[in-house]
Visitor: 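What follows is a single structure, and I will ask about it in a moment.
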Amino acid sequence: MMVMDEVTAIKSLNKKGFLDLDVDPTLDLVAEINKLKKEKNAIVLAHYYQESEIQDVADYIGDSLGLAQKAASTEAEIIVFAGVHFMAETAKMLNPNKKVLLPDLKAGCSLADSCPAPLFKKFKEKYPDHVVVSYINCTADLKTLTDICCTSSNAEVIINSVPKDKGIIFAPDKNLGAYLKKKTGRDMILWNGACMVHEIFSHEKITKLRVHHPNARFIAHPECEAHILENADFIGSTSQLLKYTKENPAQEFIVATESGIIHQMQLASPEKVFIPAPPNNTCACNDCPHMKRNTMEKLYLCMKHELPEIILDPVTIEKGKVCIDRMLEISAAAGFKA
Ligand code: 13P
Ligand code: SF4
């Protein structure tokens, strides 16, 4: 039987986005989460931008592509997504009959928010012959208006899969879009969206930092602005940046992406030094406020009560899944594995 506190917390879910229940501070959350995984046949998938404790308790940690591939192949009955809303929605579209949980429904994404589907629909009507390629960082509704999805790992391969005589609309990230135009030589129509975390890096401060660390490699995510990318020694998705730091002999790296990735970089190369690229404000951190809404307490509560759950209507799932399936097919053929 549910106690009154639980009933109130469940009722306020829509407003708060998470189960606002007290958690006994003496509870061993790692042990409890591992117990719940077994009891419920649940898998915890975590993005590299999650806080380190969540990464450590996850069954799989990855970038957006790896997470989508893992969600598509898991046999677990419940998928617990330690990431943001569009990622959990993607997992739900791939698993309409499974329960997909997100510890905090308000863990959104500024990029996804920057491209509302009704506005995009009008924009798309201006280019009726164009193929729509959308970055996976978009809403389920936008996916219903998309031909092929991509992530930062496979974007170049996806763009190159579109016949050369076809025009392309790329949404919603104008920075990734501009980078891809340069890399592929394709003249794409770009939607004017951006990620709040990757637009904050200061070129001036990075330049000063490099003077003090002359042997450091400067590595950046392609969601960063062009003037930051121009100076990078290496550009890649989170998993590609991680791989680069493992394989490159340099001992110091200045990292221009969300700081959560540094946890895995440091675990893989304990002897190396990782410096978060400085943002253009007084704050010293590059945290994504959406990603960091998830906490161990919220993860535990969400697994215990199986709430909040991602609910999508069947028509959105059917229409939106087509572009994700297409992306997964092209990625598998190109050798991308989770
Ligand atoms: P990747 O996971 O593709 O590196 O993208 C990073 C990101 O911003 C996810 O929100
Ligand atoms: Fe969205 Fe940027 Fe946060 Fe990724 S880091 S979830 S793109 S706001």
Side-chain angles (χ1 to χ4, degrees), residues 45-51 54-55 58 60-71 81-91 102-115 133-139 142 149-159 170-177 179-180 191 193-201 219-225 228-229 232 234-245 255-265 276-277 279 283 285-294 324 327-328 331 336-338:
L45 305 180
H47 190 268
Y48 288 125
Y49 295 165
Q50 292 294 287
E51 62 177 43
I54 294 182
Q55 292 188 35
Y60 176 82
I61 316 156
D63 68 1
S64 305
L65 177 61
L67 289 163
Q69 288 175 316
K70 199 72 192 170
F81 223 109
V84 289
H85 201 270
F86 76 81
M87 295 177 173
E89 270 185 345
T90 303
L102 181 66
D104 188 328
L105 283 180
K106 295 208 171 157
C109 169
S110 62
L111 247 178
D113 291 346
S114 69
C115 194
V133 178
S134 293
Y135 194 29
I136 200 165
N137 302 33
C138 66
T139 61
L142 199 83
C149 244
C150 75
T151 74
S152 55
S153 277
N154 62 16
E156 217 179 310
V157 172
I158 300 288
I159 297 294
F170 187 81
D173 189 358
K174 63 175 180 194
N175 293 322
L176 176 61
Y179 171 71
L180 290 168
W191 181 264
C195 159
M196 61 193 285
V197 180
H198 289 89
E199 281 221 312
I200 209 168
F201 297 111
I219 60 176
H221 195 279
E223 285 175 27
C224 294
E225 292 171 295
I228 299 290
L229 296 179
F234 180 74
I235 299 166
S237 67
T238 45
S239 58
Q240 290 162 346
L241 295 177
L242 175 60
K243 186 167 181 274
Y244 180 83
T245 62
V255 184
T257 190
E258 214 269 1
S259 55
I261 185 70
I262 290 179
H263 180 55
Q264 292 305 319
M265 290 176 172
C283 170
C285 65
N286 308 322
D287 281 351
C288 169
H290 304 290
M291 285 280 182
K292 296 301 196 289
R293 278 185 76 95
N294 294 326
I324 306 169
M327 173 188 85
L328 292 177
S331 305
F336 287 94
K337 281 194 206 98

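Every number for a ligand or one of its atoms is a count from 1 in the order of the listing.
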Visitor: Any non-hydrogen side-chain atom of L111 less than 4.5 Å from a side-chain atom of E223?
Guide: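 They are in contact (side-chain heavy atoms under 4.5 Å apart), so the answer is yes.
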Visitor: Partners of K292 by salt bridge (Lys or Arg N to Asp or Glu O under 4.0 Å), sequence neighbours excluded?
Guide: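 Listed in chain order: E258, D287.
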Visitor: So which heavy atom on I136 is nearest to which on M327, and how close?
Guide: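 In this case the closest contact between I136 and M327 is CD1-CE, 4.0 Å.
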Visitor: Side chain, backbone, both or neither: which part of E258 comes within less than 4.0 Å of ligand 1 when only heavy atoms are counted?
Guide: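 No part of E258 is near ligand 1 at this cut-off.
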Visitor: Quick one: name the protein N/O/S atoms under 2.8 Å from atom 2 (Fe) of ligand 2, chain by chain.
Guide: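 Only C195 SG fall inside 2.8 Å of atom 2 (Fe) of ligand 2.
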Visitor: Mark up the atoms of ligand 1 that fall under 4.0 Å of a heavy atom belonging to S64, in ascending order.
Guide: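 Result: 1 (P), 2 (O), 3 (O), 5 (O), 9 (C).
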Visitor: How long is the gap from OG on S331 to CG on L65, to the nearest 0.5 Å?
Guide: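 S331 atom OG to L65 atom CG measures 5.0 Å (nearest 0.5 Å).
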Visitor: Quick test: of every protein heavy atom, which one is nearest to atom 1 (P) of ligand 1, and how far off is it to 0.1 Å?
Guide: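 Among all protein heavy atoms, the one nearest atom 1 (P) of ligand 1 is S152 OG, 3.4 Å.
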Visitor: Between V84 and ligand 1, find which residue part has any heavy-atom pair under 4.0 Å and reply side chain, backbone, both or neither.
Guide: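 Answer for V84: neither.
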Visitor: Return yes or no for this condition: an N or O of T238 is under 3.5 Å from an N or O of ligand 1.
Guide: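 For ligand 1, there is an N or O atom that lies under 3.5 Å from one belonging to T238.
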Visitor: With heavy-atom distances below 4.0 Å as the criterion, list the atoms of ligand 1 near M87.
Guide: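 Answer for ligand 1: 9 (C), 10 (O).
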Visitor: Nearest non-hydrogen contact with atom 2 (O) of ligand 1 belongs to which option: H198, M291, H221, H47?
Guide: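 Checking each option, the heavy atom nearest atom 2 (O) of ligand 1 is found in H47.
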Visitor: Starting from atom 8 (O) of ligand 1, locate the nearest protein heavy atom and write down its residue, its atom name and how far away it is, to 0.1 Å.
Guide: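 Of the protein heavy atoms, E223 OE2, 3.0 Å lies nearest.
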Visitor: Parallel, tilted or perpendicular, judged at 30° and 60°: which one describes the rings of F234 and Y244?
Guide: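 Rings of F234 and Y244: parallel, under 30°.
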Visitor: Mind listing the closest non-hydrogen atom pair of D63 and S237 along with its distance?
Guide: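 Scanning both residues completely, I find the closest heavy atoms to be OD2-OG, 3.6 Å.
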Visitor: Is the contact between Y49 and ligand 1 made by the side chain, the backbone, both, or neither, using heavy atoms and a 4.0 Å cut-off?
Guide: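 Y49 to ligand 1: side-chain contact only, backbone stays beyond 4.0 Å.
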Visitor: Is the shortest heavy-atom distance from the side chain of F81 to the side chain of T90 under 4.5 Å?
Guide: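 Answer no - side chains too far apart.
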Visitor: Can you tell if the side chain of H221 reaches within under 4.5 Å of the side chain of T238, non-hydrogen atoms only?
Guide: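 H221 reaches T238 side chain to side chain.
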Visitor: How long is the straight-line distance from CG of L45 back to CG of L67, given to the nearest 0.5 Å?
Guide: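 Going from the CG atom of L67 to the CG atom of L45 covers 6.0 Å.
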Visitor: Counting both backbone and side chain atoms, is some N or O of S153 under 3.5 Å from an N or O of ligand 1?
Guide: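 No.
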Visitor: Are a donor atom and an acceptor atom from the side chains of S239 and Y48 found within less than 3.5 Å of each other?
Guide: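 The criterion, which ignores hydrogens and geometry beyond distance, is not satisfied for Y48 and S239.
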Visitor: Would Q240 count as a contact residue for ligand 1, given that I'm defining contact as a non-hydrogen atom of the residue lying under 4.0 Å from a ligand atom?
Guide: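 Flag not set, Q240 not near ligand 1.
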Visitor: Short list, please: which atoms of ligand 1 are under 4.0 Å from a heavy atom of S237?
Guide: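 Heavy-atom distances to S237 below 4.0 Å select 4 (O).
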